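Let me begin by presenting the structure, written as structure tokens, before commenting on it.
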Amino acid sequence: MHKVTIPERIPKKIIVLMDTTYWGRTFGLMLFKDAYTKENLLWYYVSSETNALYIQGINHLKSRGYIVVAIVCDGRKGLIGAFKDLPVQLCQFHQVATIRRYITKNPKMPASIELKELVGLLKRTDRESFEGGLALWFIKWEALLNERTTNPETGKSHYIHKRLRSAYRSLNTNIRWLFTWYDNYDLNIPNTTNMIDGHFSDLKNKLRNHNGLTKQRKIKFINEFLKA
């Protein structure tokens, strides 16, 4: 079960930032925020984050007359492809975090160091420059990516640099959505969900001053915070 809360608003064009944060494993807040006005449009209390709920949220906003001109979200598998009729910007901050998990914060291998440097330019460059840089990186390190080793006991071979391959594959797969803001410059689409992530951080800091609240009181507190 989840609870839907939506303040009354006059329908208008919106760019939806959407993300979910948690308190513990089973109490989460899924928030839909307008990038233009910074208004919190809709939120659900969830036990788990699902694509179906994000789709439901977008459809609910449309049913109320809002004109969704674009969406900004993280890279949950299958989520971006669910909105084929809308420009969808994959949060560049989330993409950077994904690459960091694969190659670590302080990589030692030259190929990983160069990829980290390239990814560091993501939020400060355009599509053509980044795509060109990634293509050149791949040409330079393709042989390394394809290096394999054989397990002497099983006789099976596998890639040596699996995590680096995964990092490259993530970028190469997602690049079509990393520059939606650039391809639709006139819409003024944010390239990250930082606005909503900052909102979550502020909410959590305020809730820390009210430790011991029951779940229902916590929900009441969050509702008042989001409506303010």
Side-chain angles (χ1 to χ4, degrees), residues 6-21 30-44 49 51-99 117-138 169-202 226-228:
I6 184 164
E8 289 298 321
R9 305 290 187 193
I10 299 172
K12 56 185 179 293
K13 289 184 178 181
I14 56 175
I15 288 179
V16 179
L17 305 170
M18 56 191 198
D19 203 357
T20 301
T21 192
M30 180 179 287
L31 180 61
F32 299 76
K33 190 179 187 74
D34 178 26
Y36 287 140
T37 63
K38 300 181 174 57
E39 291 176 318
N40 298 315
L41 302 168
L42 169 69
W43 54 93
Y44 298 153
E49 183 182 10
N51 291 347
L53 273 177
Y54 281 120
I55 294 167
Q56 177 182 310
I58 293 296
N59 289 336
H60 188 68
L61 291 170
K62 287 179 177 179
S63 74
R64 292 182 62 85
Y66 286 104
I67 302 166
V68 181
V69 298
I71 293 171
V72 186
C73 62
D74 66 17
R76 278 182 58 82
K77 187 175 181 180
L79 180 59
I80 294 176
F83 303 106
K84 291 181 172 61
D85 59 332
L86 289 170
V88 181
Q89 169 67 43
L90 172 59
C91 173
Q92 292 182 350
F93 179 83
H94 281 82
Q95 180 65 71
V96 171
T98 296
I99 301 305
E117 290 172 350
L118 177 64
V119 171
L121 299 174
L122 184 59
K123 292 181 280 186
R124 306 194 299 274
T125 191
D126 55 62
R127 177 186 290 279
E128 293 82 5
S129 299
F130 191 82
E131 285 182 340
L134 187 61
L136 289 172
W137 181 91
F138 178 74
R169 187 170 60 245
S170 176
L171 279 172
N172 194 47
T173 300
N174 292 335
I175 199 165
R176 59 185 291 195
W177 297 292
L178 287 170
F179 291 95
T180 303
W181 70 270
Y182 180 74
D183 300 334
N184 301 271
Y185 199 75
D186 57 315
L187 295 179
N188 199 26
I189 303 172
N191 61 346
T192 72
T193 57
N194 285 359
M195 186 189 301
I196 206 169
D197 295 332
H199 208 45
F200 285 154
S201 295
D202 191 25
L226 295 176
K227 289 175 184 176

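Owing to the predicted nature of the structure, the values given are computational and were not obtained by experimental measurement.
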Which atom names give the shortest non-hydrogen contact between Met195 and Asp34, and what distance separates them?
-> SD-O, 4.4 Å
Check side-chain contact (heavy atoms from CB on, under 4.5 Å) between Ser170 and all other residues, then give those that pass, not counting sequence neighbours.
-> Gln95, Thr98, Ile99, Tyr102, Asn174
Sub-3.5 Å donor-acceptor pair from the side chain of Arg127 to the main-chain atoms of Leu178, do we have one?
-> no
Name all residues meeting the side chain to side chain donor-acceptor pair (under 3.5 Å) criterion together with Arg76; count only those two or more places apart in sequence or in a different chain, and write none if there are none.
-> Asn51
Side-chain heavy atoms of Asp74 within contact of Thr193, under 4.5 Å = no
Closest non-hydrogen atom pair, Val68 against Val16 = CG1-CG2, 4.0 Å
Tell me, please, which residues at least two apart from Lys13 pass side-chain contact (heavy atoms from CB on, under 4.5 Å).
-> Ile67, Val69
In short, Gln89 meets Asn191 closest at the heavy-atom pair NE2-O, 3.7 Å
Who pairs with Asp126 by salt bridge (charged side-chain N to carboxylate O under 4.0 Å, His left out), at least two apart in sequence or on another chain?
-> none
With sequence neighbours left out, the residues meeting ring-ring contact (aromatic ring centres under 6.0 Å, His included) with His94 are none
What's the spacing between Lys12 NZ and Tyr66 OH if we round to 0.5 Å?
-> 4.5 Å
Which residues pass the ring-ring contact (aromatic ring centres under 6.0 Å, His included) test with Phe83, sequence neighbours left out?
-> none
Backbone N/O of Gly81 and side chain of Lys84: donor-acceptor pair under 3.5 Å = yes
Sorted by chain and residue number, the side-chain contact (heavy atoms from CB on, under 4.5 Å) partners of Arg169 (sequence neighbours excluded) come out as Ser166, Thr173
Contacts of Asp186 meeting salt bridge (charged side-chain N to carboxylate O under 4.0 Å, His left out) (sequence neighbours excluded), chain-then-number -> none
So how far is it from Met18 CE to Leu31 CG, rounded to the nearest 0.5 Å?
-> 11.5 Å
Heavy-atom neighbours of Phe200 CZ exceed 12 at 6.0 Å = yes
Heavy atoms of Val119 and Phe130 approach each other most closely as CA-CE1, 4.2 Å
Would you indicate whether the side-chain heavy atoms of Met30 and Glu49 approach each other to under 4.5 Å?
-> yes
Less than 4.5 Å apart, any side-chain heavy atom of His199 and any of Leu17?
-> no
First locate atom SG of Cys91, then atom CG of Asp19, and finally report the distance between them rounded to the nearest 0.5 Å.
-> 7.5 Å
Does the pair Phe179 and Leu122 meet the rule for a side chain to side chain contact (heavy atoms under 4.5 Å, CB included), with working shown?
-> CA-CA 9 Å; Phe179 291 95; Leu122 184 59; 3.6 Å; yes
Going from CG on Leu86 to CD1 on Ile58, what distance comes out if it is rounded to the nearest 0.5 angstrom?
-> 7.5 Å
Rounded distance [0.5 Å steps], CG in Leu171 versus CG in Leu134 | 5.5 Å
Check whether any side-chain heavy atom of Val88 lies under 4.5 Å from a side-chain heavy atom of Cys73, and answer yes or no.
-> yes
Please report the closest heavy-atom contact between Ile189 and Trp181, naming both atoms and the distance.
-> O-CB, 3.3 Å
Keeping the roles fixed (side chain from Asn184, backbone from Leu187), state whether a donor-acceptor pair exists under 3.5 Å.
-> no
Kindly write out the residues that satisfy side-chain contact (heavy atoms from CB on, under 4.5 Å) with Asp202, not counting sequence neighbours, or none if the list is empty.
-> Lys206, Phe225
By ring-ring contact (aromatic ring centres under 6.0 Å, His included) - contacts of Phe32 (at least two apart) = Tyr44
Reported CD1-to-OG1 distance for the pair Ile80 and Thr180, which is rounded to 0.5 angstrom = 7.5 Å
Which heavy atom in Val72 sits nearest to a heavy atom in Ile15, and how many Å separate them?
-> CG2-CG2, 4.2 Å
Does Lys62 have any salt bridge (charged side-chain N to carboxylate O under 4.0 Å, His left out) partners at least two apart in sequence or in another chain, and if so, which?
-> Asp85
Test ring-ring contact (aromatic ring centres under 6.0 Å, His included) applied to Tyr182 - qualifying residues, sequence neighbours left out | none
